[in-house]
Amino acid sequence: MVHSSRPARPAMLGQNQYGKAENRVVRITRDGDTHHIKDLNVSVALSGDLEEVHLSGSNAHCLPTDTTKNTVYAFAKEHGIESAEQFGIHLARHFVTSQEPIHRARIRIEEYTWERIETSEANARFIGADEVRHSFVRKGQETRLTQITYDGERWQVVSGLKDLVVMNSTNSEFWGYIKDKYTTLKEAYDRILATEVSGRWRFNWTDDDQRMPNWERSYAQVKKHLLDAFAETYSLSLQQTLYQMGSRIITHRAEIDEVRFSLPNKHHFLVDLEPFGLKNDHEVYYAADRPYGLIEATVLRDGVEAEIPMDLTNL
């Protein structure tokens, strides 16, 4: 028996959302014998007029999560995957504009990059082709990320990357810090600086009347600027390097207003070789995976408010 009235209760429903998480979709674009790959992991979260599904169990306003999954695959065919951002925009617009109870859609996407395997002409002819254009090897440098949020009027696009491991084998120092009775760290005037970059950047494209960025070019340029800044900064602290990375992106990429980095300091310590009668002239190190220093900060365009969450694990 279904009861139409709800009993009084001390609890109230707060923020809520639902959807299908981690839909793996691989899209092959066939340009004759040349193939192109887009490999995405897409998570959909919808919110809106969904009180009754929680309080009374009525599914009248509930689009099944299986439908959201099917939409991801259908859109990969219908729209293709030009970029992770563009694909997320197509999905978010569809869910908000096609379903009256849905007021807000958040699309999170991880992209896994592949690069073409170069082969010799002789081996290509062996399989009956002028050259092999359909074989790929997974690139392991980083995972590309984007989050698209749409409420029917305003867009928020936050893109980024994670798992990008970088190292400077010199041009890094660390000295002049506070010392108390618990300090044992020796000052370093030539050290390895290594980190695993996790970064997010927010675009200032927020409505359809604005010119949309070129998402693919923007990602490539942002990555180039952060890597150039890492390599070209003579670092007295990882904090200084982080700021230079973010500052260079803000300075050179007009479409981006905010950058946030989370940089674990991947410590490398000189090995004491004196017991073996050997001098270690900054040549042999051991890499410690934990504990590690964790450096985090946001770099903003002047006059802009921060919107990227401080905890990147939730983005």
Side-chain angles (χ1 to χ4, degrees), residues 15-29 36-51 53 59-112 143-161 200-220 222 253-258 304-305 307-309 314-315:
Q15 191 280 336
N16 62 89
Q17 60 193 33
Y18 80 104
K20 199 69 129 185
E22 301 203 29
N23 302 278
R24 283 298 304 274
V25 55
V26 176
R27 175 63 151 90
I28 307 295
T29 301
H36 306 275
I37 293 179
K38 282 290 187 178
D39 184 351
L40 307 184
N41 190 12
V42 182
S43 294
V44 177
L46 308 176
S47 55
D49 184 8
L50 300 168
E51 185 179 51
V53 69
N59 293 313
H61 289 178
C62 185
L63 183 72
T65 64
D66 189 66
T67 303
T68 67
K69 175 203 70 177
N70 294 340
T71 305
V72 169
Y73 293 115
F75 271 41
K77 169 62 178 177
E78 292 177 14
H79 298 282
I81 301 177
E82 176 185 324
S83 66
E85 288 86 354
Q86 187 65 66
F87 190 62
I89 288 168
H90 283 312
L91 288 169
R93 190 191 305 277
H94 166 78
F95 289 123
V96 171
T97 59
S98 67
Q99 304 297 326
E100 186 175 346
I102 302 303
H103 303 161
R104 182 176 182 269
R106 186 195 71 199
I107 313 296
R108 286 180 173 170
I109 300 176
E110 294 185 350
E111 179 176 346
Y112 314 114
T143 299
R144 181 174 168 178
L145 308 166
T146 193
Q147 175 176 289
I148 314 297
T149 306
Y150 183 54
D151 63 5
E153 295 181 1
R154 185 178 186 272
W155 295 93
Q156 185 191 71
V157 181
V158 178
S159 294
L161 55 79
R200 308 290 187 275
W201 45 90
R202 179 171 56 83
F203 292 87
N204 48 39
W205 180 79
T206 57
D207 66 65
D208 289 314
D209 292 333
Q210 294 175 267
R211 182 179 179 181
M212 189 179 294
N214 182 316
W215 306 110
E216 296 289 272
R217 182 183 303 128
S218 179
Y219 179 83
V222 169
R253 302 308 305 175
E255 73 274 20
I256 292 168
D257 276 355
E258 177 184 5
V304 170
E305 295 287 332
E307 295 182 25
I308 298 176
N314 293 320
L315 179 59

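Numbers here are sequence positions counted from 1. Since the structure is predicted, the reported quantities are computational estimates derived from the model, not experimental observations.
For His79, the ring pair (Phe, Tyr, Trp, His ring centres under 6.0 Å) partners at least two apart in sequence or on another chain are Phe75, His90. Remark: Asp207 pairs with Asp209, Gln210 by the side chain to side chain contact (heavy atoms under 4.5 Å, CB included) rule, at least two apart or across chains. Remark: Tyr112 engages no residue in a ring pair (Phe, Tyr, Trp, His ring centres under 6.0 Å) (not counting sequence neighbours).
Sequence neighbours left out, the pairs with a member in residues 62-71 that pass salt bridge (Lys or Arg N to Asp or Glu O under 4.0 Å) are Asp66-Lys69. Applying the salt bridge (Lys or Arg N to Asp or Glu O under 4.0 Å) test to every pair with at least one member in residues 80-104, sequence neighbours left out, gives these pairs: Glu85-Arg144, Arg93-Asp208.
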Would you give me the side-chain donor-acceptor pairs under 3.5 Å for residues 15-22, sequence neighbours excluded?
{"residue": "Gln15", "atom": "NE2", "partner": "Gln17", "partner atom": "OE1", "Å": "3.1"}
{"residue": "Asn16", "atom": "ND2", "partner": "Gly14", "partner atom": "O", "Å": "3.1"}
{"residue": "Tyr18", "atom": "OH", "partner": "Leu63", "partner atom": "N", "Å": "2.7"}
{"residue": "Tyr18", "atom": "OH", "partner": "Leu63", "partner atom": "O", "Å": "2.7"}
{"residue": "Lys20", "atom": "NZ", "partner": "Thr65", "partner atom": "OG1", "Å": "3.3"}
{"residue": "Glu22", "atom": "OE1", "partner": "Asn41", "partner atom": "ND2", "Å": "3.3"}

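Other residues, nucleotides and ligands contribute only 12 or fewer heavy atoms inside 6.0 Å of the CZ atom of Arg217.
Using a distance-only test at 3.5 Å, with no hydrogens or angles considered, no donor-acceptor pair links the side chain of Glu110 to the main chain of Thr143.
Under the 4.5 Å side-chain criterion, counting only non-hydrogen atoms from C-beta, Gln86 is not in contact with Glu216. Residues Ile256 and Ser218 are in side-chain contact: their nearest non-hydrogen atoms beyond the backbone lie under 4.5 Å apart. Taking 4.5 Å as the limit, every side-chain heavy atom of Asn204 sits out of range of all side-chain heavy atoms of Glu258.
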**Thr146 and Tyr219: CA distance, side-chain angles, deciding distance, side-chain contact (heavy atoms from CB on, under 4.5 Å) verdict** = CA-CA 10 Å; Thr146 193; Tyr219 179 83; over 6 Å; no

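Ring centroids of Trp215 and Phe203 are separated by less than 6.0 Å, placing the two rings close together.
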